[in-house]
Amino acid sequence: MRKTIIALAIATGIGFTAKAQYKAVTKTPPMGWMSWFPFIDKIDEQKIMEVADAMVKSGLRDAGYKLLQLDDGWMAAERDAEGRQYANTTRFPHGMKYLADYVHARGLKIGIYSSNGMKTCAGYPGSYGHEEKDAQTYAARGIDYLKYDACGEKEKHTDRELHTRMSKALQATGRPIMFEICIFSSGATHLWGAEIADMWRTGGDIVKFIERTPEVTYKNWYNNLQQVVGKENYAGNGHWNDPDNLIVDYPRNNKQTYEEQKAQFSLWAIVSAPLILGNDVRDMSAATKAILMNKEIIAVDQDAATKPGTRVLSDDKREIWVKQLKDGSKAVVLFNKEDTDATLTLNFKDIGAAKK
Ligand code: GLA
């Protein structure tokens with residue numbers, strides 16, 4: 001059946017290069033939760049405060065999930081009299097600073113969302129032409145992370161140009177704000193992502209039409225995994241390929257088996273993906289927690305060598321992935337792609353760990 005086995009092997013090797021210019025906020029891939037998959041744009045203050053509490057109570061925060069990110073839908077339809085984006089007052093009656101304080105008081109960081117065009121992907125006001133004002137506003141409200149999309153009209157400007165504008169505006173605030181960029185047009189963001197951001201999406205959404213997707217299967221994440229293959233040398237040391245969020249315990253039409261959900265978690269860890277949860281953490285089974293708080297897998301993702309793993313073997317039936325760890329050992333994922341159980345053999349030569 002489709003599942004992974006993750007193992008450690010002793011050896012050294014695998015070089016990596018990463019040209020980084022954006023001042024990375026953390027060395028290892030960010031871990032946290034995002035509102036888009038569980039709630040789409042139906043977010044409000046009450047729900048987000050409950051999520052913050054749940055992240056503490058469930059043990060997620062202490063397992064490393066420190067970021068709580070509000071995705072699209074938090075903002076009012078217009079800007080205020082001073083041209084600032086502000087939170088929808090019906091759904092966020094106390095405003096964003098209040099929420100940031102609430103989240104910070106629980107030992108968490110707060111993230112927010114905008115787009116480089118005039119509108120966000122869900123049709124809310126984007127940051128086009130307001131980059132400096134928005135960056136300053138986020139900093140003043142205590143925001144720690146910005147996910148920046150590429151939707152909306154942007155006249156003749158390229159996404160790279162506009163993302164760079166926001167990157168500079170964030171750096172100019174003096175507040176360390178993690179910066180995630182989305183771009184779907186080129187598939188080549190990894191070539192320059194580290195120059196302007198902490199992390200960049202390597203592909204589209206794992207679940208695209210959230211309300212119209214009749215079933216979510218392992219294929220959703222497997223497709224996105226393919227889009228990081230070959231990009232590992234562009235990431236590391238505070239800058240990350242982002243194949244999109246985890247869909248472990250995905251709350252809508254989730255047709256993945258338990259083993260397939262474990263497989264996503266293991267593979268996201270081996271490629272050093274940001275571990276960003278896409279479930280409703282207010283209501284998690286023990287089985288879900290066992291995946292998401294597996295200490296050894298998290299340690300592979302967060303390893304201090306900060307070298308993303310690489311796929312060393314792939315055929316119709318299986319894949320082998322290997323990641324160099326700081327202590328000289330290698331983490332290995334054996335991924336059985338078939339529906340049925342299979343015996344997978346790891347040849348130490350394939351992971352560069354054979355004795356001479
Ligand atoms: C895009 C992004 C998603 C989400 C939505 C919000 O589709 O890729 O992750 O942020 O926009 O509208």
Side-chain angles (χ1 to χ4, degrees), residues 29-44 47-48 51 67-77 85 87-88 91-92 96 110-128 134 138 143-154 159-160 162-163 166 177-190 193 197-213 216 220-221 223-228 231 240-252 264 268 273-281:
M31 292 173 63
W33 171 91
M34 254 184 218
S35 58
W36 186 247
F37 283 156
F39 302 142
I40 324 181
D41 62 349
K42 315 277 179 299
I43 44 178
D44 59 53
K47 250 187 210 166
I48 298 299
V51 165
L67 169 73
L68 184 163
Q69 194 249 343
L70 280 71
D71 209 281
D72 208 349
W74 64 270
M75 59 280 261
Q85 267 178 341
N88 175 299
R91 289 188 281 113
F92 294 91
M96 212 33 80
I110 187 165
I112 219 165
Y113 167 97
S114 190
S115 183
N116 68 14
M118 293 176 193
K119 291 241 186 291
T120 69
C121 301
Y124 295 84
S127 292
Y128 180 78
D134 288 353
Y138 303 147
I143 299 299
D144 306 296
Y145 179 107
L146 174 66
K147 172 175 171 184
Y148 204 46
D149 225 320
C151 283
E153 170 57 37
K154 56 201 78 165
D159 288 325
R160 182 172 180 177
L162 295 177
H163 278 0
M166 181 53 96
I177 298 181
M178 292 199 81
F179 190 39
E180 171 190 356
I181 51 175
C182 303
I183 291 194
F184 310 116
S185 48
S186 74
T189 317
H190 60 287
D198 292 276
M199 57 197 253
W200 49 91
R201 285 276 293 275
T202 45
D205 297 1
I206 282 190
V207 185
K208 287 194 179 59
F209 304 106
I210 293 193
E211 282 166 307
R212 284 183 280 133
T213 303
V216 169
N220 287 75
W221 60 255
N223 287 338
N224 279 47
L225 180 70
Q226 303 316 299
Q227 293 161 336
V228 294
K231 297 179 180 167
W240 308 106
N241 289 314
D242 176 19
D244 203 8
N245 298 350
L246 293 160
I247 52 168
V248 175
D249 191 31
Y250 183 81
R252 247 168 265 103
Q264 188 198 10
W268 258 230
L275 296 179
I276 308 292
L277 309 174
N279 62 333
D280 186 345
V281 295

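This chain uses plain numbering: 1 for the first residue, then up along the sequence. All ligand and atom numbering here is 1-based and tracks the order in the structure. Bear in mind the structure is a predicted one, so any value in this text is a computation, not a measurement.
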message: With ring-ring contact (aromatic ring centres under 6.0 Å, His included) as the criterion, how do Trp74 and Phe39 come out once you've worked through the C-alpha distance, each side chain's angles and the decisive distance to 0.1 Å?
response: CA-CA 12 Å; Trp74 64 270; Phe39 302 142; over 10 Å; no
query: Hey, what's the ring geometry for His163 with Tyr148, parallel, tilted or perpendicular (30° and 60° as the breaks)?
result: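 Ring orientation of His163 relative to Tyr148: tilted.
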Residue among Leu277, Asp71, Leu70 satisfying side-chain contact (heavy atoms from CB on, under 4.5 Å) with Met34: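 The side-chain contact (heavy atoms from CB on, under 4.5 Å) with Met34 is passed solely by Asp71 among Leu277, Asp71, Leu70.
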Any donor-acceptor pair under 3.5 Å from Ser127 side chain to Asn116 backbone: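 Not at all, since once roles are kept as given, no pair shorter than 3.5 Å links the two residues.
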message: Please check: side-chain N/O of Asn224 versus main-chain N/O of Gly204, any donor-acceptor pairing under 3.5 Å?
response: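 Answer holds: yes.
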Check each atom of ligand 1 against the heavy atoms of [X] and keep those under 4.0 Å away; list them by number with element.
| X | result |
| --- | --- |
| Asp72 | 6 (C), 12 (O) |
| Arg201 | 8 (O), 9 (O) |
| Ala122 | 12 (O) |

query: For Asp244, is at least one N or O under 3.5 Å away from an N or O on ligand 1?
result: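 In fact, backbone or side chain, Asp244 has no N or O that close.
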message: Is there a polar contact between ligand 1 and Trp36, counting only N or O atoms under 3.5 Å apart?
response: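 Looking only at distances, the answer is no, because the N/O contact criterion of under 3.5 Å is not met.
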- prompt: ligand 1 versus Thr120, non-hydrogen atoms closer than 4.0 Å: side chain, backbone, both, neither?
  reply: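 For Thr120, there is no contact with ligand 1 at all, from either part.
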query: Which of the listed options, Lys147, Gln69, Met34, Lys119, holds the heavy atom that is closest to atom 9 (O) of ligand 1?
result: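 Of the listed residues, Lys147 has the closest heavy atom.
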- request: Pick whichever of Asp205, Ile210, Asp41, Asp71 has a heavy atom sitting closest to atom 8 (O) of ligand 1.
  value: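 Among Asp205, Ile210, Asp41, Asp71, the closest heavy atom to atom 8 (O) of ligand 1 comes from Asp205.
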